[in-house]
Amino acid sequence: MAQDIYSSINPAQLEAVRHEGGPLMVVAGPGTGKTRVLTSRIAHMIKARRICPEQILAITFTNQAASEILKRVSKWLGLGSGQDTIGQHHRVIPTVATFHGWALSYLKSLPGIQTRAPIDQRDAKDIVREACRHYGIPTRKAKGYYQAISRAKQQFPPSMEGEGEEARAVFAYYQDYLARFRLWDFDDLILEALRMLHDGENAREFRMKSPFILVDEFQDVSPAQYQLTRSMAGTNSEITVIGDPNQAIYGFRMASPRFLKDFAIDFPDTRRIYLSTSYRCPQVFLDAASAVLEPEGEHLNASSGIKTKIQIMGFKDPAREARWIASTIEKLVGGMSFDSINDGTAQGTDFRSLSDLAVLFRARRLGKEIAKALGRRGIPFQEASRPDPLSGKDLRMLWRIYEILGNRAVEHHLARLPGDPATWKARIEKISREHKGANRSELLERLLDFSGIDIKDPAIQGILGKIAKAPEDWPLTLVFQREADLLMTRIEAVSLLSLHASKGLEFPIVFIAGCEDGIIPWHGSDLEEERRLFYVGITRASERLFMTYANKRMLFGKTVRAQRSRFIDGIPADKFETIKHRARARRKKSRQRSLF
DNA sequence: TACTCGAGTGTTTTT
DNA sequence: CACTCGAGTA
């Protein structure tokens, strides 16, 4: 078991795994084994250094990442599946949680604190809308104000600086509403945990209990999360941050690669380790990616010997672009590669699996055209957009009843159940009285009789089962969120993803569509961040990379002429080949074929 | 409660 | 152009 922790690990990775005694920063470019280092390091701490797992806290941004890390660590330690990260652990395992999940359990663990009930984004938006109505502001402005409020609350203390009178009024109403009904939104979880750790005594106690902290994807931390990290760890403690400043693409939600730099200043004895061997991307792609952004840190070296160039194609319009992508995909999955026919090494088995392929684009709507083209050819595809687990009307109702039963934000939820709040109140009181001593999921099941929800629906049954297993008073917002992540199935289909959604993923064959000025880089966006976004896209590919663009595109009802992305012009000419579509290619048959 | 219709709006996304 | 949202109607 234990030797797996170190097998086929490179010297830099090993150094990161074994570092002891002070702050550590691991700068890990695409495919350099970031997760490998993180999980090996945790396993090493426990197995070799005999650190008690309870003293280790690993923080991630998504539940999916958290469960992936926990799974790998548990396997190395022989701890079984380690699925259950919420609530009490039956075995001693390290805590792996999201910032928000950790913050909530920390707040709950503090003696004498009055916790509030977490609400999700939809309720938060509803409250903002209500604030607008209250002030006679047109509700169409609610979305913008909600975003402004959330941005404000990424900072500590929250700041509406630069916002107008109206926005401030809405903010005040919103905050007041949360206080009145004893609610926390997602941002509050971070802010409140931070507020608690400001108390010297709390901080000292926490640092003693959890002296080993690891934070993944550190380039994505918000100002508040950065401060939280600082409060959690003393400047000399053994805190590990892992990230890649070149992949910081969440500026619009106040994240910044700046914090990775600040870290080394705020923790002066930080040992920096750069992972510079990419086990994913061919050198050509790495070089091209570097060229678009003049990356920070060391130049990346490819371990792969693949020599394929990037293939760039222009089209008259997005429909042709989409059709070409679809037909190329069909060829790639449908049969033998033309390559192998051409160079005589035909094996006859060079099929690509659909899940080896991804099409990336800057904005969701740009994927529509491609989805249509794939659909017409009957090629299965999978779009990234996961439905919000609490989006269904029924599930929302169920959630509200559950929260009321748990005595959380009762008035807030009663007012939002369909029908008359007083009737619901009476109903809930009656049922609770009649079934004294019954557990919460039993009560919930009885109350669902009044809701018109079909209890026999397998989805509802599944949720009820989860509730029965979840810790007594855990708010469902987080339970649902986790379940939705864990239920993500990997089906045999082409992935259609936004560039943002592609971060952290890897595919042998990648298409980046809509590589046009105005799209990539997006008109009016921060150019440096757009560069990093393109960098992320390029570095998803492990074998083949296509970039396509259209010379005109319909956006907002207007057809605009478009030019090839200026980022492509920054790529050295020997890294790619441009292929002319159809009309030209037909005459140069062999040239076209060499594509495949 | 469920619909139609017109106005208005247009990245990226997690918890 | 397509979609969402909210007001208004059945």
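Chain letters run A, B, ... following the sequence lines, proteins first and then strands; every chain starts at 1.
In this structure, CD1 of A:I119 is placed 12 Å from C1' of B:dT15, rounded to the nearest angstrom. To the nearest angstrom, C1' of B:dT15 lies 17 Å from CD1 of A:I149. Look at CG on A:L104: it is 20 Å from P on B:dT14, rounded to the nearest Å. The interatomic distance linking A:F361 (CZ) with B:dT12 (P) rounds to 10 Å, in whole Å. Between A:E383 atom CD and B:dT13 atom C1' the separation is 16 Å, expressed in whole Å. When the P atom of B:dT12 is taken as reference, atom CD of A:Q147 falls 11 Å away, rounded to whole Å. When rounded to the nearest whole Å, the span between CG of A:D123 and C1' of B:dT15 equals 14 Å. One atom, NZ of A:K143, and another, P of B:dT13, lie 12 Å apart when rounded to the nearest Å.
Pairs engaging residues 132-149 of chain A under the salt bridge (charged side-chain N to carboxylate O under 4.0 Å, His left out) rule: A:K141-A:E166 [sequence neighbours left out].
For A:D526, the salt bridge (charged side-chain N to carboxylate O under 4.0 Å, His left out) test picks out no residue, with sequence neighbours left out. Under the salt bridge (charged side-chain N to carboxylate O under 4.0 Å, His left out) criterion, A:R566 pairs with A:D517, not counting sequence neighbours. With sequence neighbours excluded, the residues forming a salt bridge (charged side-chain N to carboxylate O under 4.0 Å, His left out) with A:R531 are A:E528, listed by chain and number.
Interface remark: the A:S525 side chain does form a donor-acceptor pair with the B:dT11 base, using a distance-only criterion of under 3.5 Å.
Spacing between C:dC3 and B:dT14 at atom C1', rounded to whole Å, works out to 24 Å. Comparing the C1' positions of B:dT12 and C:dC5 gives a spacing of 22 Å, expressed to the nearest Å.
With centroids closer than 5.5 Å and planes inclined by less than 30 degrees as the test, A:F252 and the base of B:dT12 pass as a stacked pair.
In this structure, the ring of A:W424 has its center no less than 6.0 angstrom from the ring center of A:H413.
Using a 4.0 Å heavy-atom distance criterion, A:Y250 is classed as a sugar-phosphate-only contact. Counting non-hydrogen atoms under 4.0 angstrom, A:Q121 reaches a base of the nucleic acid. A:F61 comes within 4.0 angstrom of sugar-phosphate atoms only, judged by non-hydrogen atoms across all strands, and of no base.
OP1 or OP2 of B:dT13 sits under 4.0 Å from a side-chain N or O of A:S498. For B:dT13, the OP1/OP2 oxygens have a side-chain nitrogen or oxygen of A:R364 closer than 4.0 Å.
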> Along nucleotides 1-6 of chain C, 5' to 3', which nucleotides get a B, which get an S, and which get a -, given that the test is a protein heavy-atom distance under 4.0 Å?
Replying inline: B----S
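A cation-pi geometry, defined here as NZ or CZ lying under 6.0 Å from the six-membered ring centre and within 45° of its normal, holds between A:R253 and A:Y250.
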Can I get a per-line list of side-chain donor-acceptor pairs under 3.5 Å for residues 213-220 of chain A, giving both atom names and the distance, sequence neighbours left out?
residue, atom, partner, partner atom, Å
A:D216, OD1, A:K34, NZ, 3.1
A:D216, OD2, A:K34, NZ, 3.4
A:E217, OE1, A:Q219, NE2, 2.9
A:E217, OE1, A:K503, NZ, 3.4
A:E217, OE2, A:K34, NZ, 3.4
A:Q219, OE1, A:D244, N, 3.0
A:D220, OD2, A:K503, NZ, 2.7

